[in-house]
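All residue numbers in this chain count up from 1 along the given sequence.
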Amino acid sequence: MSNNESMHFLCSNCNSTYSIDTRIVHCINCGSLVEIRQPQPQLNGRALSGTEIREHWDARLRKYASKPHPYSSGVWRFIEAIYPELAHTNHSESEEIVTQLEGNTPLLYHRSVSDWAGVSDLRIKHEGHNPTGSFKDRGMTVAVTAAKLNGANGVICASTGNTSSSLASYAGTAGLKSTVLIPHGNISKGKLAQTVAYGASVEQVDGNFDECLRQAQKLSVKLNYQLVNSLNPFRLEGQKTIVYELLQQLNWDAPDWIALPAGNLGNTAAFGKALRELHEWGVIERLPRLLAVQAAGASPFAQSFEGGFTERFAVEPETIATAIRIGDPASYDRAVRSIRETNGYVTSVSDDEILATKKVIDESGIGCEPASAASVAGVKKLRSMGVIKSTERVVSVLTGHILKDLDMFQ
C-alpha cells in the first residue's frame with residue numbers, strides 16, 4: 001500500500017474500491033463485505049515510521065489524558081489510523097466526532113484468574129468499563145460519526161443486547177434517530193432497559209439474531225438509515241483500537257496470545273486487521289496469536305476451524321452467553337483471514353465452563369458478563385491441551401460489564 005494512498009473501502013474478494021463517502025457495507029460488484037484500507041499514518045504530509053507512530057500516540061496520551069477533548073478517547077487517540085481525514089480538524093470547536101470519551105479501559109491482573117487459567121502472566125483487558133458497559137462503544141463512536149458525516153437519516157442495528165444499548169446511546173449523542181431489531185424473548189432485560197432509556201425505537205422479531213440482521217439490512221435501505229452492525233466497516237475501525245490500546249499499555253511489547261469471545265466475529269476480524277496494520281507499519285515487531293472462543297451451543301466458527309475452514313457452518317444457537325448467541329456469523333470471511341494470518345486458534349467451551357470461569361472472575365473483584373468469561377475459559381482449555389504454554393504471556397479480553405446480563409441470577 002502506497003504511503004500516499006487515501007483512506008477508502010476495499011473489497012477483499014474482488015479488490016473493488018469505493019470512496020468512504022459511499023454508504024455501503026457490501027461490495028456493489030460481488031456482494032462481499034468491504035473493509036477500510038488505511039494509509040501509513042502521516043503527520044504534516046509525511047508518512048511516519050513505526051517508532052514515530054508509537055511516540056506520536058504516546059505523546060497524545062500524555063497530553064490529553066485529563067482534558068475533555070476527543071483525543072482523550074481511547075479510540076480517537078489513534079485518529080490517524082481510524083479516520084485520517086478528520087485528523088487535522090479543530091475538534092475542540094467541532095461536533096464532527098461523536099464521542100463519549102470511550103476506551104481507556106484497564107489492563108488488569110489478578111493471580112486467582114491467572115492461576116485458574118494455568119498461565120503465569122494473564123492480563124485482563126476489561127472493555128466493560130466503556131460508557132455503556134461494553135466494547136461496542138469503540139465501534140459505535142466511529143460508525144455513528146461516519147453516519148452523521150454522510151447524511152444518514154438515522155442508524156439501525158440487529159442486536160442480542162450490547163449493540164442496541166451502544167447504538168441508542170451514541171445516536172442520542174449525535175442527535176440521530178435510532179431503530180433496533182431484537183430477537184423475541186432472547187435479550188437481557190438490563191440491555192433492553194438501556195436501549196429504551198436512551199431513546200431507541202425497539203422492534204421484536206420472531207426469529208434469532210441472524211433473522212433480525214437480515215431484516216435490519218432491508219430496513220436500512222428503505223429508511224435511508226445507516227446499518228451499524230459489525231458488517232459496517234467503520235465499526236471495525238473503532239473496535240481494532242482495543243488491540244492498539246492494550247499494546248500501548250504493554251509499551252508496544254506484544255504478548256504471545258490475545259484471547260477473545262467470538263460471536264458475530266466482528267472483533268476477530270477487527271483484531272486481525274489491527275495486528276496486520278501495526279505490523280506492516282513497523283509499530284510492533286511480531287504478531288500475537290489470536291484465540292477466538294465460542295460457546296459450544298453457538299460454535300459454527302469453531303466447527304469450521306476444526307476442518308481447516310474448508311466448510312462454513314451455520315447452527316441454531318443456544319447458550320447462556322447471550323452476547324455470543326449467534327449461529328451464522330456475518331464477519332466469517334474476515335475472521336478466517338485473521339486466524340490464518342496470526343497462526344491463531346478457534347475453540348469452544350461449554351456453558352458450564354463459562355459459568356465456572358465467570359465465578360472465578362467475579363470473585364476476584366473484576367467481574368464480567370457470561371460471554372466475556374469465554375475468553376478466559378478458552379485460555380484454560382488450550383493450556384490443558386498444551387497449545388498455550390504456562391510461561392506464555394496472554395491477554396484475555398472481557399467484552400461486557402458484570403451488570404449487563406442479570407437474568408441468569410433470577
Pairs meeting criterion side chain to side chain donor-acceptor pair (under 3.5 Å) with involvement of residues 253-270, two or more places apart | Ser230-Asn264, Gln239-Asn267, Trp257-Glu392
Ion pair check, Glu363 and Lys359, cut-off under 4.0 Å | yes
Can you name the closest pair of heavy atoms from Glu102 and Asn130 and give their distance?
-> CB-OD1, 3.5 Å
Could you tell me whether a side-chain N or O of Lys381 sits under 3.5 Å from a main-chain N or O of Ser348, the two making a donor and an acceptor?
-> yes
Looking only at heavy atoms, what is the nearest atom pair of Pro288 and Pro255, with distance?
-> CB-O, 3.3 Å
Tyr83: partners by ring pair (Phe, Tyr, Trp, His ring centres under 6.0 Å), with sequence neighbours left out | Phe234
Taking atom CD of Glu85 as the centre, report whether more than 12 heavy atoms of other residues, nucleotides or ligands fall under 6.0 Å from it.
-> yes
Could you give the distance from CZ (Arg54) to CD (Gln248), rounded to the nearest 0.5 Å?
-> 11.0 Å
Can you name the nearest heavy-atom pair linking Leu101 to Pro68, along with the distance?
-> CD1-CA, 4.4 Å
Please report the C-alpha distance between Ile97 and Ile79 in whole Å, then the side-chain angles of each, then the deciding distance to 0.1 Å, and finally whether the side-chain contact (heavy atoms from CB on, under 4.5 Å) criterion is met.
-> CA-CA 11 Å; Ile97 293 179; Ile79 192 170; 4.1 Å; yes
Roughly how far, to the nearest 0.5 Å, is the OG atom of Ser165 from the NZ atom of Lys136?
-> 9.0 Å
Between CG on residue Asn208 and CZ on residue Arg325, distance to nearest 0.5 Å | 10.0 Å
side-chain contact (heavy atoms from CB on, under 4.5 Å) between Lys273 and Arg334, worked out = CA-CA 9 Å; Lys273 187 176 191 294; Arg334 296 186 295 200; over 6 Å; no
Take Thr105 and His126 through the side-chain contact (heavy atoms from CB on, under 4.5 Å) test and state the conclusion after the steps.
-> CA-CA 6 Å; Thr105 58; His126 204 332; 5.5 Å; no
For Thr342 against Leu290, the heavy-atom pair lying closest together = OG1-N, 3.5 Å
State the CZ-CD distance between Arg46 and Gln40, to the nearest 0.5 angstrom.
-> 10.5 Å
Salt bridge or not for Glu353 and Lys380, using N-O below 4.0 Å?
-> no
Approximate separation, where rounding is to 0.5 Å, of Glu237 CD and Arg138 CZ = 13.5 Å
In short, Ser6 meets His8 closest at the heavy-atom pair O-ND1, 2.8 Å
If we only count heavy atoms from C-beta on, is the Cys11 to Cys30 side-chain gap below 4.5 Å?
-> yes
Evaluate the side-chain contact (heavy atoms from CB on, under 4.5 Å) criterion for residues Ser114 and Tyr109: first the C-alpha distance (whole Å), next the side-chain angles of each, then the deciding distance (0.1 Å), finally the verdict.
-> CA-CA 8 Å; Ser114 200; Tyr109 172 83; 3.8 Å; yes
Closest approach of Ala171 to Val155 (non-hydrogen atoms, all atoms of both residues) = CB-CG2, 3.8 Å
Rounding to 0.5 Å, atoms CG (Leu227) and SG (Cys157) come to a distance of 8.0 Å
Would you find more than 12 non-hydrogen atoms of other residues, nucleotides or ligands less than 6.0 Å from Arg111 atom CZ?
-> no
Pair Glu341 + Arg276: basic N to acidic O under 4.0 Å = yes
